[in-house]
Amino acid sequence: MRMISRRLRAAMTVWLLLVLSIPGVLRAKESSSSANGKPAVFPEVKSIKITGNKALTTEEIREVMSTSTRNSFFGTGLFAGARRPFIADDFEKDISLIRKLYTFKGYFFADVEPTVKRSKNGDVSITIRIRENQPTLLDSLSYAGLDSIPENLRSRYLKKSLLKLQQIFSVEKLIEERDRTLDFFREHGYTFFHPDSIRITVDTLGLHAGVRFDISLPGRYAYGPVKVFVHDPLKKDNPAIAKTFVRDNVSVTIYGHQKFSPKVFSSAIAWKQGALTRQSLEQRTLENFGSTNLFSSISMQKDAARAGAIPITIDLDPAPKHQIEPKLLVDNRYGSLFVGGALSYENRNLFGAGQQLKLSTNYGRQLSSDTNVLSSLSADQYDKLIPYEFNIKADLVIPRLGKQGSYYNGTVEYAQSKLPVLLDSKRELIRATYSTRPTRVSKLDFDFFELEVARKDSLRGFQQLFKNDLAQNIGINPADPVAVNRGLDSLLQTRLNQTFRLRYSLSNREKSTRSKRSPIWNFSVTAEESGSLLWLIDKYIDKKSYAGFTDSDPQIFGTPYNQYVKLDTQLAVTKNLSPKRQVAARIALGWMSPYGKADTTPEDHRFYAGGSNSMRGWVFGTLGPGSCPNAAVSNFGADIKAELGLEYRIQFFKVFGQESGIALFTDAGNIWDRTGPYAFSLRSLTQDFAWDWGAGLRIGSPIGPFRFDFAWKLHDPANPQPWRFSQTKLTDFTFNFGIGETF
């Protein structure tokens with residue numbers, strides 16, 4: 001066998017060339033100074049066409065080219081970037097990089113033939129024809145230097161080889177196999193194994209290649225003692241005031257004045273002294289320290305080996321213990337612009353073991369009066385209403401040290417809001433939650449205690465609104481004053497919600513980031529039950545009778561409570577078509593029902609449709625149930641939900657350095673009642689669905705893209721003529737604003 005051939009040696013460096021050849025790195029400016037001092041103007045690239053490529057996508061090829069065309073919004077000229085000049089020298093480099101890219105992928109004999117056509121004004125159109133020809137196949141593979149390792153370890157290493165006989169031989173796979181070899185042996189005690197310990201010999205002959213790995217393994221080591229140093233974030237470390245202690249063979253030295261529980265350090269170390277070194281345990285240790293949110297900088301270094309063991313030193317810089325964060329809140333949740341602010345204080349290390357106390361408050365109000373849902377009332381029947389929301393909240397998080405991602409959380413909250421449907425709502429809530437990660441890609445939250453007190457007060461005009469719009473929808477005769485008053489009393493009663501809630505989420509995001517072609521999916525499901533504990537009190541403890549209640553009414557100590565079950569699930573999938581293009585889809589389903597003594601579900605916990613994260617052709621809470629045409633009824637939600645969403649996202653310009661672009665989208669779905677005129681059925685699903693389409697502007701920011709969405713209705717079930725194709729006008733759009741991707 002001979003060493004790597006000249007052609008293959010050139011291909012081995014392609015990964016470096018690819019890094020240097022991303023669009024924009026080699027791109028020349030539109031003009032530069034010529035020899036006579038005048039700016040030289042280059043012809044513009046009008047089009048680039050690539051044909052004959054099957055093994056590589058057009059996007060993969062375009063990614064390595066600095067020569068590119070000027071982009072705009074579907075060729076309209078909107079949001080167009082700078083003109084793209086044609087520079088012959090750069091284009092020659094592009095063709096060379098394309099050939100090397102094919103070599104990198106195993107197509108050593110691919111032909112790349114460029115054609116440049118110039119128009120009368122000098123602008124160019126480019127055609128690149130590719131004949132990929134046959135790829136080179138791997139016909140022999142051997143590994144040397146493994147005789148000294150245990151048989152089971154050698155067998156596991158060889159079994160997971162990424163190189164397979166009679167498959168395409170590529171430099172890409174060769175590099176991946178080298179990296180796998182490094183990771184494998186570092187994971188099994190060979191901590192000082194490095195790239196120079198691997199010698200790769202390649203023999204190529206035509207369409208065949210042979211590979212030999214010569215592996216020189218260093219000594220195998222175990223973990224020695226661990227020293228942790230927590231540095232003073234404000235001044236130079238002073239040994240005179242340092243605090244030192246030892247716990248579970250971990251020596252900790254703390255400079256500065258912050259207090260830390262000894263368990264913070266011993267529980268974060270993922271290995272035991274004397275165990276063989278493992279790369280994954282070191283990574284997990286860094287993650288454990290990071291998950292405490294106590295440290296702004298974490299570094300780990302291996303000291304000189306002693307008697308077959310390696311001492312470890314970990315340096316930690318504490319994060320600020322106190323943090324104050326103001327926020328600006330802007331959206332259009334009730335149709336008109338809603339503006340507010342929030343202020344939060346966080347103590348990240350309350351008792352020294354990573355306990356976090358967070359106090360927050362926010363207030364926002366609509367800038368104008370909203371009367372869209374009051375169309376059945378005359379202006380003199382109600383007072384001017386400007387919706388607002390106020391919230392104050394305290395959270396205490398207590399981590400389970402040693403179990404990454406697991407913690408207890410206690411919440412106390414008070415909220416008050418004035419709603420467009422002439423209601424003033426107040427609620428007090430106390431909740432206790434346990435959260436954990438069953439696997440690295442999943443999360444489980446269990447609200448094992450939640451008690452909510454919900455109050456509603458009516459504003460002037462609500463009684464008439466109830467008679468006009470709401471009563472008949474819930475089975476009350478508007479002409480029966482006794483039934484109307486009873487319905488009003490039931491709706492406005494102070495109610496208790498005692499809830500158990502289980503939320504499970506699963507995502508492949510971490511795995512997909514390693515493979516840019518793989519779709520990213522996120523799945524979540526929430527199961528909720530309310531009223532079981534209060535029912536036990538009602539049945540076995542509080543057996544008194546109270547005025548206004550019968551034995552069939554759910555109440556304890558004269559206060560009614562809710563009983564219901566609820567299931568809510570969502571699946572969102574995102575696929576990167578290229579670094580700048582993405583398609584995303586979502587399906588969301590929900591169902592809830594009363595049980596026991598209850599015959600209705602609480603409106604605060606029902607499903608709602610419309611808004612920036614739902615059906616964007618409608619403002620929040622103005623769609624449904626079913627074909628109901630009344631926006632006031634929609635504001636009280638429904639018990640069944642089904643929604644679909646699809647987006648096509650394009651990034652082609654930057655704002656303050658953040659990637660920005662546009663999105664084309666469509667949404668379909670609705671909410672339905674369980675019974676009554678707008679109940680869910682197969683017929684209603686196929687006839688009373690809502691459908692919209694639209695376009696949105698995405699402005700990038702560090703906290704996620706700002707979304708400005710404009711949507712038009714395609715099918716409006718509340719309209720006597722639901723299909724809106726012929727009636728749609730450009731000005732008949734619904735505007736929604738939000739932060740972060742819709743799904």
Side-chain angles (χ1 to χ4, degrees), residues 79 323-346 358-373 384-393 395 413-421 423-425 427 572 584 586 604 608-623 631 634-635 637 645 647 649 651 653-665 667 692 694-712 731-743:
F79 310 112
Q323 179 174 312
I324 297 177
E325 182 181 15
K327 287 183 179 179
L328 177 66
L329 307 175
V330 181
D331 59 35
N332 64 326
R333 65 191 66 184
Y334 298 124
S336 300
L337 188 62
F338 189 94
V339 178
L343 183 67
S344 65
Y345 161 76
E346 183 176 7
K358 186 173 183 179
L359 306 175
S360 62
T361 183
N362 65 70
Y363 174 80
R365 64 181 295 167
Q366 200 161 286
L367 296 187
S368 61
S369 179
D370 189 317
T371 60
N372 291 335
V373 299
K384 183 178 180 181
L385 172 69
I386 297 182
Y388 73 86
E389 293 182 6
F390 169 74
N391 174 282
I392 185 168
K393 184 178 180 182
D395 283 292
E413 182 178 4
Y414 171 79
Q416 181 174 343
S417 60
K418 186 172 288 186
L419 306 176
V421 287
L423 285 177
D424 188 87
S425 175
R427 68 185 185 98
R586 177 196 65 153
D604 292 343
Y608 292 82
S612 62
N613 294 310
S614 178
M615 302 290 300
R616 283 165 282 187
W618 287 259
V619 175
F620 175 77
T622 60
L623 172 61
S634 303
N635 266 253
E647 279 195 5
R649 303 163 183 165
Q651 295 176 335
F653 66 96
K654 290 185 177 182
V655 177
F656 301 115
Q658 299 288 332
E659 294 289 349
S660 305
I662 59 100
L664 304 178
F665 61 83
D667 309 301
D692 64 49
L697 182 63
R698 302 290 185 264
I699 304 298
S701 79
I703 60 174
F706 287 83
R707 292 186 284 115
F708 304 88
D709 288 332
F710 302 85
W712 289 264
T731 56
D732 291 339
F733 63 83
T734 301
F735 172 73
N736 277 291
F737 170 78
I739 300 177
E741 294 292 1
T742 313
F743 44 84

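As the structure is a prediction and not an experimental result, all values here were calculated from the model.
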Do [X] and [Y] come close enough that some side-chain heavy atom pair is under 4.5 Å?
X	Y	value
Y388	D424	yes
T371	S369	yes
F665	T742	no
N362	L329	yes

Please report the interatomic distance [atom1]([X]) to [atom2]([Y]), rounded to the nearest 0.5 Å.
X	Y	atom1	atom2	result
L343	K327	CG	NZ	11.0 Å
L337	F737	CG	CZ	9.0 Å
E389	R333	CD	CZ	4.5 Å
K384	S368	NZ	OG	8.5 Å

- Note on the structure: Of N736, D331, N613, the one forming a side chain to side chain donor-acceptor pair (under 3.5 Å) with R707 is N613

- Message: Closer than 3.5 angstrom, by distance alone: can the side chain of T361 be matched with the main-chain N or O of N391 as a donor-acceptor pair?
- Response: yes

- Side chain of N332, backbone of F735: donor and acceptor closer than 3.5 Å? yes

- Item | Contact summary for Y608 and N635, nearest pair of heavy atoms | CE2-O, 3.2 Å

- Query: R698 and F653: which non-hydrogen atoms are nearest, and at how many Å?
  - Reply: O-CZ, 4.5 Å

- Item | Electrostatic pair R616:D667 at N-O distance under 4.0 angstrom | yes

